[in-house]
Amino acid sequence: MRLRFAPSPTGYIHVGNVRTALFNFLHAKKHNGEFILRIEDTDIERSTKEYEESLLNSIKWLGLSWNEGPDIGGEYGPYRQSERIDLYKKHAHQLMEEGKAYYCFCTPEELEIEREKAKKEGKPYKYSGKCRDIPMEEAQKRVDSGEKAVIRFKMPQEKDFKYNDLIRGEISFDLNLFGDFVIIRSNGLPSYNYAVVIDDHFMKITDIIRGEDHISNTPKQIKLYEAFGWTPPNFGHLSMVLGPDGSPLSKRHGATSLVQFDEMGYLPEALLNYLAMLGWAPPEDREILSLNELIKLFDITKVSKSGAIFDYNKLNWVNKKHIQNLSEEEILIRGEKFLKDKKIMDGFTTLGDKEKEWFKKAVKAIKTNLTTLTDLPDELNIFFEYKTDKEAFKELREESGKKVLNLLYKTFKEKKEISVKDIFDFIKTAKNEGIKGKELFHPMRVIFTGQSSGVELDKFLEIIGSGDNLSFKRKPLSLFERLEKAINIINKQ
RNA sequence: GCCCCUGUCGUCUAGUCAGGUUAGGACAUCGCCCUUUCAAGGCGGUAGCAUGGGUUCAAGUCCCGUCGGGGGCGCCA
């Protein structure tokens, strides 16, 4: 079995396309088949090398490895349509010789008039077939003399055309509604509907999974296969990915391009996991699955036919679960760029062993709060910065809070240093003074973290305490510094 | 306008092909438990077969209509 993903390098890859790529990949791998990457760059106006490169990088980032493609070649190359022009021309001429295609000299303006007319009369538009009967010899002469022409395929007119869709079952059309369509444009480049057929045939593609916007292209393509005497592949049409309002997902709904999801701190495996479940449900109850598990369980015939709304709630949950499955070290390595941006560290691997251990401990404490990797610096910040929550400080002005603050200050103001052991001693002292439980721990939390909630207090104290003698790019704030800051804030007001 | 696809909790879906279930799960939401706090975790609740007919002892499931959503009708892909 051979499947392909054939994007156009006319922009950054969209999550909808990622889903298409994924389903092709899963279906291929499920059956031990090949996954092929082909670049459809016949739209010379909009295609660029930069987009092609970013496309390849994106698919690589996702972990969807391809067996054949423009960068690695393969038995059935080249894998860029712009490098296959001769092939398209050759076969177009073959069709003309067999009387299945013809030169058309109608100008875009003339066609526009035809379309307008059809619209006015309320009739469905279809190319008139005006040039269909120009004798081949005469047509060839006009072309040789430099007249602009396209090549059109004589679309067989058939009342009850049917094909069997991998996802939707039988779909039928009245081909009388289809006009003769262009296969070679006047600039010599092939049209989409023609190029895919040539390529998919010569690349021995067996199954094609694509968006439902291609359903009505399918009869044209199948008829081309038949005209050449080739066996058409299986077709499966996926529903669209929708925005929260139910309209097709687009930029106005927010992020749609894959690079943005990387920047937002989503894990590629989480994104794939989520996308796989948009329109398909794994059997059994498990939903958090690796790419290999998805391959094992995937079944193209079970994919749903209706459009699916892209839901960040669920994506976030899936991402969170995948992050929890990562080790502390992996989280630090994969979150490196976000930590660099916030100047927390230069890179996990540049750290000394003791510092690495410290960071792992810190991550372990805040791991369950991570939804995306961008949360990593924010959550870790509690160790480096003293961010104060106004509401929380109100508590320190109340009697019980004041008591704890004063007692802490009295105990440590001379020493100017607080160790973890000191804290445990302090807790005993406080208890002797009659302060305990919530009355004690909650103010302590506010004093040392500035917040009324967060990491478990004993873990927090232990981590801060053990960071004292390590060399960091940025030093965690010591307990005494934190106490001082709390005092200052209270005194100021 | 014409053609095609599609409709189960707010969201993603299982169930529809071979009619019989208290219509199941997950996310979100709400509540409880755990926790000196938050989160995580555990337990529980709210919530759905678009609509009207028909077939049948029995319809989410089969048939017809209506309504809604989407796509296509290019020398774009």
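The structure displayed is predicted, hence computed values, not measured ones. Convention: sequence-line order gives letters A, B, ...; per-chain numbering from 1. Only heavy atoms go into these numbers, but all of them, side chains included; no hydrogens, no water, no symmetry mates.
Checked against ring pair (Phe, Tyr, Trp, His ring centres under 6.0 Å), A:Y312 has the following partners two or more places apart in sequence or in another chain: A:F310. Scored by the ring pair (Phe, Tyr, Trp, His ring centres under 6.0 Å) test, A:F359 finds A:F472 as partners (sequence neighbours excluded). Every residue two or more places apart in sequence or in another chain was checked for a ring pair (Phe, Tyr, Trp, His ring centres under 6.0 Å) with A:F235, and none qualifies. In this structure A:H214 satisfies the ring pair (Phe, Tyr, Trp, His ring centres under 6.0 Å) test together with A:Y192, sequence neighbours excluded. Evaluation of the side chain to side chain donor-acceptor pair (under 3.5 Å) rule for A:R80 yields A:E52, A:E83 as partners, not counting sequence neighbours.
Using atom P as the reference point in both B:A47 and B:C38, the two lie 28 Å apart (nearest Å). Separation of the P atoms belonging to B:U51 and B:G31 is 31 Å when rounded to the nearest angstrom. When the C1' atom is compared between B:G69 and B:A59, the two are found 25 Å apart, to the nearest whole Å. B:G71 sits 33 Å from B:A26 when the P atoms are compared, rounded to a whole Å.
Residues from residues 314-329 of chain A that place a heavy atom under 4.0 Å from any atom of RNA chain B, listed by number: A:K314, A:W317, A:K320, A:K321.
Within the structure, the salt bridge (charged side-chain N to carboxylate O under 4.0 Å, His left out) test picks out the following pairs touching residues 312-329 of chain A (sequence neighbours left out): A:E287-A:K314, A:E328-A:K367, A:E329-A:K360. Identified under the salt bridge (charged side-chain N to carboxylate O under 4.0 Å, His left out) test for residues 85-96 of chain A, with sequence neighbours left out: none. For residues 171-191 of chain A, the salt bridge (charged side-chain N to carboxylate O under 4.0 Å, His left out) pairs, not counting sequence neighbours, are A:R132-A:D180, A:K159-A:D174.
The nucleotide B:A39 finds no pairing partner, because no Watson-Crick or G-U wobble arrangement with both distances shorter than 3.5 Å includes it.
One atom, CG of A:D43, and another, P of B:C75, lie 13 Å apart when rounded to the nearest Å.
Nearest nucleotide to the side chain of A:P108, out of B:U36, B:C75, B:C5: B:C75. Among the nucleotides B:C5, B:C27, B:A14, the one closest to any side-chain atom of A:A281 is B:A14. Distance from the side chain of A:E456 is smallest to B:U37 among B:A77, B:A39, B:U37.
An OP1 or OP2 oxygen of B:A14 is reached within less than 4.0 angstrom by no side-chain nitrogen or oxygen of A:R286. Between A:T42 and the phosphate of B:A77, there is a side-chain N or O to OP1/OP2 separation shorter than 4.0 Å. Side-chain N/O atoms of A:R185 include one lying less than 4.0 angstrom from OP1 or OP2 on B:C76.
Under the 30°/60° scheme for interplanar angles, the aromatic rings of A:H237 and A:Y163 are found to stand perpendicular.
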Q | Sequence-aligned protein contact record of nucleotides 64-74 of chain B, with B where the base is within under 4.0 Å of a protein heavy atom and S where only the sugar-phosphate is | A | ------SSSSS
Sub-3.5 Å pairs of nitrogen or oxygen atoms, protein against nucleotides 31-33 of chain B:
none

Atom pairs under 3.5 Å, N or O on each side, protein against nucleotides 43-49 of chain B: can you list them with distances?
none

